[in-house]
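Scroll down for the structure; my scribbles are underneath it.
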Amino acid sequence: HKTVPPVFVRFKSYKWLNQDFVQRLSIACWIYQHAIILKDPENFFIDLLHNQTKIFNRQLSTILQKKYIEFRTERHNLRYTVSTDMDLATRLIKATIVKLALELTLLAEKKPYPYKEWLFWIVERETIQGKEVVSLATQFWDELEKKRIITLSDQLVEKITSLCIHSDLVPKEVTQKWWLQLD
């Protein structure tokens with residue numbers, strides 16, 4: 001981490017790598033798609049990444065729909081915490097809503113998402129609507145006035161719903177009646 005650019009090196013088995021994809025498919029795809037391969041003479045890593053990216057693409061609609069339902073559920077819970085002055089719960093839910101909105105922005109463009117620490121940066125630079133989503137998410141996060149929190153959350157829901165519908169990966173009925181999709 002003392003070099004420029006910073007370097008992070010890991011030595012792990014292919015078994016470990018396979019398990020990493022199983023446990024966190026989107027994040028692992030993002031990490032390894034951005035990795036610099038120093039040596040892979042028989043293309044084991046490249047082949048594994050290619051296969052896992054195919055799996056990600058096959059599962060993308062399901063991943064996106066689950067994240068969308070989670071996003072809408074958190075947004076629904078926000079109304080209660082704001083109206084009952086549950087400030088700590090409101091902050092926690094706002095953080096979750098922002099995280100999910102950023103992940104959904106990437107997924108709607110058929111891209112995996114990174115760790116939370118990179119979400120704002122990647123969404124802003126690598127998605128078509130990123131600057132607008134990040135701006136709206138930041139306003140929402142910073143807002144303290146109750147009515148304005150709800151208004152901004154409505155705007156964020158509208159924006160993310162539009163992105164999901166235009167992705168052709170989330171059926172309109174899921175966005176219109178998300179609560180019927182709860183397990």
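The shortest side-chain heavy-atom distance between Ile63 and Ser26 does not fall under the 4.5 Å cut-off. Counting only heavy atoms from C-beta outward, the side chains of His50 and Asn43 never approach each other to under 4.5 Å. Looking at Leu106 and Pro114, their side chains come closer than 4.5 Å, going by heavy atoms from C-beta outward. Annotation: side chain of Lys54 is in contact with side chain of Arg58 (closest heavy-atom distance under 4.5 Å). A 4.5 Å side-chain heavy-atom check between Pro171 and Gln65 finds at least one atom pair inside the cut-off. Considering only heavy atoms from C-beta on, Ile122 stays 4.5 Å or farther from Tyr115 through its side chain. You'll find the side chain of Tyr113 reaches within 4.5 Å of the side chain of Lys67, heavy atoms only. With a 4.5 Å cut-off on side-chain heavy atoms, Ile150 and Arg75 count as touching.
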### Task
Evaluate the side chain to side chain donor-acceptor pair (under 3.5 Å) criterion for residues Thr105 and Glu109: first the C-alpha distance (whole Å), next the side-chain angles of each, then the deciding distance (0.1 Å), finally the verdict.
CA-CA 7 Å; Thr105 302; Glu109 290 193 15; over 6 Å; no
### Task
Show your reasoning for whether salt bridge (Lys or Arg N to Asp or Glu O under 4.0 Å) applies to Asp20 and Arg24.
CA-CA 6 Å; Asp20 196 32; Arg24 54 182 192 164; 2.6 Å; yes
### Task
Could you walk me through whether Val170 and Thr175 pass the side chain to side chain contact (heavy atoms under 4.5 Å, CB included) test, one step at a time?
CA-CA 7 Å; Val170 179; Thr175 62; 3.7 Å; yes
### Task
Could you check Phe71 against Val157 for side chain to side chain contact (heavy atoms under 4.5 Å, CB included), going step by step and ending with a plain yes or no?
CA-CA 8 Å; Phe71 172 74; Val157 166; 3.9 Å; yes
### Task
List the steps and the verdict of side chain to side chain donor-acceptor pair (under 3.5 Å) for Gln155 and Thr151.
CA-CA 6 Å; Gln155 291 172 13; Thr151 298; over 6 Å; no
### Task
Under the side chain to side chain contact (heavy atoms under 4.5 Å, CB included) rule, what do Ile97 and Ile93 come out as? Steps first, then yes or no, please.
CA-CA 6 Å; Ile97 288 169; Ile93 290 171; 3.7 Å; yes
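What you find for Ala89 and Thr81 is that their closest heavy atoms are CB-CG2, 3.8 Å. Contact between Gln52 and Cys29 at its shortest, heavy atoms only, is O-SG, 3.9 Å. The minimum heavy-atom distance between Leu169 and Leu107, with the atom names listed, is CD1-O, 4.1 Å. Closest approach of Tyr32 to Leu49, counting heavy atoms only: O-CD2, 3.5 Å. Taking each heavy atom of Ser167 and Ala108 in turn, the nearest pair found is CB-O, 3.2 Å. What you find for Glu42 and Asp47 is that their closest heavy atoms are O-OD2, 4.3 Å.
Counting non-hydrogen atoms of neighbouring residues, nucleotides and ligands closer than 6.0 angstrom, the NZ atom of Lys66 reaches no more than 12 such neighbours. Under a cut-off of 6.0 angstrom, the local environment of CD1 in Ile37 is crowded, with over 12 non-hydrogen atoms contributed by other residues, nucleotides or ligands. Counting heavy-atom neighbours within 6.0 Å of Ile128 CD1, excluding the residue itself, gives a total of 12 or less.
The CZ atom of Phe56 lies 10.5 Å from the NZ atom of Lys110; values are rounded to the nearest 0.5 Å. Interatomic distance, Leu100 CG to Ile69 CD1, rounded to the nearest 0.5 Å: 12.0 Å. Residue Gln129 holds its CD atom at 11.5 Å from CG of Leu136, rounded to the nearest 0.5 Å. In this structure, CG on Leu38 lies 10.5 Å from CZ on Phe45, to the nearest 0.5 angstrom. The CG atom of Leu48 lies 9.0 Å from the OG1 atom of Thr53; values are rounded to the nearest 0.5 Å. Rounding to the nearest 0.5 Å gives a distance of 8.0 Å between CD of Glu70 and CD of Glu103.
Remark: the backbone N or O of Ile165 is not paired with any side-chain donor or acceptor of Lys172 at under 3.5 angstrom. Lys94 places no side-chain N or O within 3.5 Å of a backbone atom of Leu78 that could act as its donor or acceptor partner. Between the side chain of His34 and the backbone N or O of Trp30 there is at least one donor-acceptor pair closer than 3.5 Å. In terms of modelled atom types and a separation under 3.5 Å, the side chain of Asp40 and the main chain of Ile46 share a donor-acceptor contact. No side-chain donor-acceptor contact under 3.5 Å links Ser162 to the backbone of Glu158.
Looking only at atom types and distance, the side chain of Tyr68 has a donor-acceptor partner in the side chain of Thr161 under 3.5 Å away. Side-chain atoms of Ser135 and Gln139 include a donor-acceptor pair closer than 3.5 Å.
When each of Val98, Thr138, Ile160 is paired with Val133, the side-chain contact (heavy atoms from CB on, under 4.5 Å) condition holds for Ile160 and for no other.
In the hydrophobic cluster analysis, where Ile, Leu, Val, Met, Phe, Trp and Tyr join through side-chain heavy atoms closer than 4.5 angstrom, Leu25 is grouped apart from Val22. Clustering ILVMFWY residues whenever any of their side-chain heavy atoms sit less than 4.5 angstrom apart, transitively, puts Leu144 in a cluster other than the one holding Phe140.
Using a cutoff of 4.0 Å between basic side-chain nitrogens and carboxylate oxygens, Arg79 and Asp154 are scored as salt-bridged. Remark: Lys159 engages Glu132 in a salt bridge, criterion side-chain N to carboxylate O under 4.0 Å.
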